[in-house]
Amino acid sequence: MADENTIETEVAVEAAAPEGEAREGRGRGRGRGGDRGERGGRGRGRDDRRGRGEGEEGGEELIEKLVHINRVSKTVKGGKRFGFAALVVVGDGKGRVGFGHGKAREVPEAITKATASAKKKMIRVPLKEGRTLHHDGRGHFGAGKVNVRSAPAGTGIIAGGPMRAVFESLGVADVVTKSVGTSNPYNMIRATFDALTDQTSPKSVAQRRGKKVADLLGRGGASAAEAEAAADAIVE
């Protein structure tokens, strides 16, 4: 009987050992996962600090606008696997704007990726009086074509869909636009940025040509005094 009890005890210990080891392994796995989570948290904290530092230096906050979300599905053996693609426009409202595209299994993650991409690709656009464009322009990308025109004060943003998001983030208050061709938001955004990258200001043209701003403005028949006043009033 003693031998039988000893054998049963040894069998019970052997049967319990793998479970204990599995529990310890799972515990270690959670520990490692927790460490990774902590590291990930510290990483995100650094990113947040960078973002706050940039905002503090510039004294401004970025404007983020979600333009489009596309859901795609892939049929696999077990069913369908869904993913999401986000298109986001980011700007500071003072002449800087960018757009980004991000893909992920979940919508928030896709938006986060798109926002990070947009912040890396921001461009500066010169604005006239801080409210409109300096001159008319055209842009195209693929089948998308857009026309942008400067407008007097009080006109507002005459634009629709993705283009409105770009100008609101850019800080433009008065502009007239027209989209011709495709209504694909990706192509419209890229065509709009193509038009914005061609924008120039009198100051940049004067610097490139080695002249004064008043000299350029005075060529239209305006007097020297009027040209000087107009040059002083230009805010890039």
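For the numbers below, each heavy atom of this structure counts, side chains included, while hydrogens, waters and symmetry mates do not.
Residues passing the side chain to side chain donor-acceptor pair (under 3.5 Å) test with R190: none are found, sequence neighbours excluded. The side-chain contact (heavy atoms from CB on, under 4.5 Å) search around S117 returns K121, not counting sequence neighbours. Applying the side-chain contact (heavy atoms from CB on, under 4.5 Å) rule to T112 yields no partners; only residues at least two apart in sequence or on another chain are considered.
Contact check for F99 versus I189: side-chain heavy atoms found under the 4.5 Å cut-off. Side-chain contact between L133 and L196 is present, with at least one heavy-atom pair separated by less than 4.5 Å. In this structure the side chain of T200 never reaches within 4.5 angstrom of the side chain of H134, judged on heavy atoms. Here the side chains of V176 and T155 are in contact, with some heavy-atom distance below 4.5 Å.
Summarising the geometry of V72 relative to N70, their closest heavy-atom pair is CG1-ND2, 3.6 Å, with the distance given to 0.1 Å. A165 and V67 get closest at one heavy-atom pair: CB-CG2, 4.0 Å. Taking all atoms of both residues into account, the shortest heavy-atom contact from A191 to G144 is CB-O, 3.8 Å. Nearest heavy-atom pair, F167 versus A159, reported as atom, atom and distance to 0.1 Å: CD1-CB, 4.5 Å. Annotation for G102 and K113: closest pair CA-CB, 4.0 Å, computed over non-hydrogen atoms. The shortest non-hydrogen separation linking K103 to A85 is CG-CB, 4.0 Å.
Within the structure, salt bridge (charged side-chain N to carboxylate O under 4.0 Å, His left out) pairs that include any residue of residues 68-89 do not occur (at least two apart or interchain). Each salt bridge (charged side-chain N to carboxylate O under 4.0 Å, His left out) pair with one or both residues in residues 160-187, not counting sequence neighbours, appears once here: K65-E168, R131-D174, R164-E168. Evaluation of the salt bridge (charged side-chain N to carboxylate O under 4.0 Å, His left out) test over residues 140-156, restricted to residues two or more places apart or in two chains, returns D136-R149.
In this structure, CD1 on I157 lies 11.0 Å from CE on M163, to the nearest 0.5 angstrom. The OG1 atom of T177 lies 9.0 Å from the CG atom of N147; values are rounded to the nearest 0.5 Å. Rounding to the nearest 0.5 Å places NZ of K94 at 13.0 Å from CG of L170.
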Discussion item. Using side chain to side chain contact (heavy atoms under 4.5 Å, CB included), reason through S150 and K128 one step at a time and then give a plain yes or no.
Written reply: CA-CA 9 Å; S150 59; K128 181 180 179 181; 5.8 Å; no
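Here the side chain of T132 pairs no donor or acceptor atom with the backbone of A173 at under 3.5 angstrom.
Under the 4.5 Å side-chain contact rule for hydrophobic residues, V175 and I123 share a cluster. Each of M188 and V180 belongs to its own hydrophobic cluster when Ile, Leu, Val, Met, Phe, Trp and Tyr are linked at side-chain heavy-atom distances under 4.5 angstrom. The cluster map of Ile, Leu, Val, Met, Phe, Trp and Tyr, joined by side-chain heavy atoms under 4.5 Å apart, puts L66 and V107 in the same cluster. When the side chains of ILVMFWY residues are joined at heavy-atom separations under 4.5 Å, either directly or via intervening members, I69 and V90 end up in a single hydrophobic cluster. Under the 4.5 Å side-chain heavy-atom criterion for ILVMFWY residues, no single connected hydrophobic cluster contains both L87 and F141.
Crowding of H101 atom NE2: a count of heavy atoms from other residues, nucleotides or ligands under 6.0 Å exceeding 12.
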